[in-house]
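Just so it is clear, the model here is predicted, and its values are computed rather than measured.
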Amino acid sequence: IPIISFIGIISRGKQGKRGLVITIPWTITEMEDGNRLEVIVRRVNKLAKSIGARSVALAGRMPGVIKQNGYFSLLSPPIVVGDKGAVYTITLSIKQITEALGISISKITIGILGHGFIGSRLVNSLRYFSTNRIFVVDPRIKQERNDYDKVILSSDPAKLASCDLVVLLT
């Protein structure tokens with residue numbers, strides 16, 4: 001089984017930015033092995049150098065797995081963490097949904113299921129919109145607590161019942 005497989009191409013017109021979508025054959029649990037993470041990052045760096053890539057954005061679960069396992073030192077240019085696009089897209093979607101419904105974002109309670117790599121960054125982004133309240137639910141949260149003003153972290157999914165809008169992160 002190859003360590004890296006190509007599964008798609010991203011393109012923005014003839015003169016626009018282009019990119020490759022790659023995948024790896026391991027599950028999240030299998031990737032948590034430090035040796036495997038090193039091999040993956042080494043291969044991605046080698047691929048980037050061979051094709052002259054200026055940047056390589058890691059997305060999906062990969063950045064979180066690298067961070068949770070203490071391997072951020074493996075990341076160096078051209079590798080970047082691909083969280084900003086996901087957070088921006090989700091935040092923009094929330095704004096568009098509330099506008100389409102004629103509801104002010106400051107009046108709604110938002111639920112976020114998942115407080116991993118993207119979820120934690122999404123909370124930071126949404127805090128600046130003066131939302132009524134944000135409930136964050138994740139089974140990894142051991143004790144319910146308030147983070148910041150109006151942000152409640154919990155492992156209890158029943159908290160989402162009082163939310164006007166729920167974001168599900170996998």
**Prompt:** Would Val151 and Val136 count as a side-chain contact (heavy atoms from CB on, under 4.5 Å) if you check the C-alpha gap in whole Å, the side-chain angles of each, and the deciding distance to 0.1 Å?
**Reply:** CA-CA 7 Å; Val151 178; Val136 181; 4.2 Å; yes

**Asked** Under a 4.5 Å side-chain heavy-atom rule over Ile, Leu, Val, Met, Phe, Trp and Tyr, are Val65 and Val39 clustered together?
**Response** yes

**Prompt:** Does some side-chain heavy atom of Ile40 sit less than 4.5 Å from a side-chain heavy atom of Trp26?
**Reply:** yes

**Prompt:** Shortest non-hydrogen contact from Ser162 to Lys159?
**Reply:** OG-O, 3.2 Å

**Request:** Could you tell me which non-hydrogen atom of Ile105 sits nearest to which non-hydrogen atom of Lys95, and how far apart they are?
**Result:** CD1-CG, 4.1 Å

**Asked** Side chains of Ile134 and Ile152: does their closest heavy-atom pair fall under 4.5 Å?
**Response** no

**Message:** Consider side-chain hydrogen bond (donor to acceptor under 3.5 Å, both in side chains). Of Arg145, Glu144, His115, which one does Ser154 pass it with?
**Reply:** Glu144

**Request:** May I ask whether Ile24 and Leu47 are part of the same hydrophobic cluster, defined by side-chain heavy atoms of I, L, V, M, F, W, Y residues being less than 4.5 angstrom apart, directly or through others?
**Result:** yes

**Message:** For Asn45 versus Pro78, what's the shortest heavy-atom pair and its separation?
**Reply:** OD1-CD, 3.6 Å

**Complete:** Note: Gly116 and Asp138 closest approach over all heavy atoms is N-OD2, 4.0 Å

**Message:** Do Thr29 and Thr27 pair up side chain to side chain, a donor and an acceptor below 3.5 Å, judged on atom types alone?
**Reply:** no

**Prompt:** Do Leu165 and Leu101 sit in the same hydrophobic cluster, where Ile, Leu, Val, Met, Phe, Trp and Tyr count as joined when their side-chain heavy atoms come under 4.5 Å apart?
**Reply:** yes

**Message:** On a heavy-atom basis, which atom in Leu169 and which in Gly114 lie closest, and how many Å separate them?
**Reply:** CD1-O, 3.7 Å

**Request:** Please test Thr98 against Ile108 for side-chain contact (heavy atoms from CB on, under 4.5 Å), starting from the C-alpha separation and ending with a verdict.
**Result:** CA-CA 9 Å; Thr98 56; Ile108 68 167; 3.5 Å; yes

**Message:** If we count only N and O atoms by modelled type, under 3.5 Å, do the side chains of Arg127 and Asn124 hold a donor and an acceptor together?
**Reply:** yes

**Request:** In sequence, state the C-alpha distance, the side-chain angles, and the governing distance for Asn69 and Leu37, and then conclude on side-chain contact (heavy atoms from CB on, under 4.5 Å).
**Result:** CA-CA 9 Å; Asn69 289 284; Leu37 284 174; 4.3 Å; yes

**Asked** Between Ile112 and Val123, what is the shortest heavy-atom contact and its length?
**Response** CD1-CG2, 3.7 Å

**Prompt:** Under the salt bridge (charged side-chain N to carboxylate O under 4.0 Å, His left out) rule, what pairs show up with a residue in residues 108-125, not counting sequence neighbours?
**Reply:** Asp83-Arg121

**Prompt:** Do the non-hydrogen side-chain atoms of Ile118 and Ile90 ever get within less than 4.5 Å of each other?
**Reply:** yes

**Asked** Distance from Lys49 atom NZ to Lys46 atom NZ, nearest 0.5 Å?
**Response** 10.5 Å

**Ile110 and Phe135, any side-chain heavy atoms less than 4.5 Å apart** = no

**Item:** Enclosure of Glu30 CD (heavy-atom neighbours >12, cutoff 6.0 Å)
**Value:** yes

**Asked** How far does CG of Asn146 sit from CZ of Arg133, to the nearest 0.5 angstrom?
**Response** 7.5 Å

**Request:** Quick one: pull up CG in Leu92 and CD in Glu99 and give me the separation to the nearest 0.5 Å.
**Result:** 8.5 Å

**Prompt:** Can you check side-chain contact (heavy atoms from CB on, under 4.5 Å) on Lys107 and Asn132, steps first, answer last?
**Reply:** CA-CA 5 Å; Lys107 303 258 191 267; Asn132 179 39; 5.8 Å; no

**Item:** Side-chain cluster (under 4.5 Å, hydrophobic types only) that Val137 belongs to, other residues
**Value:** Leu113, Leu160, Val166, Leu168

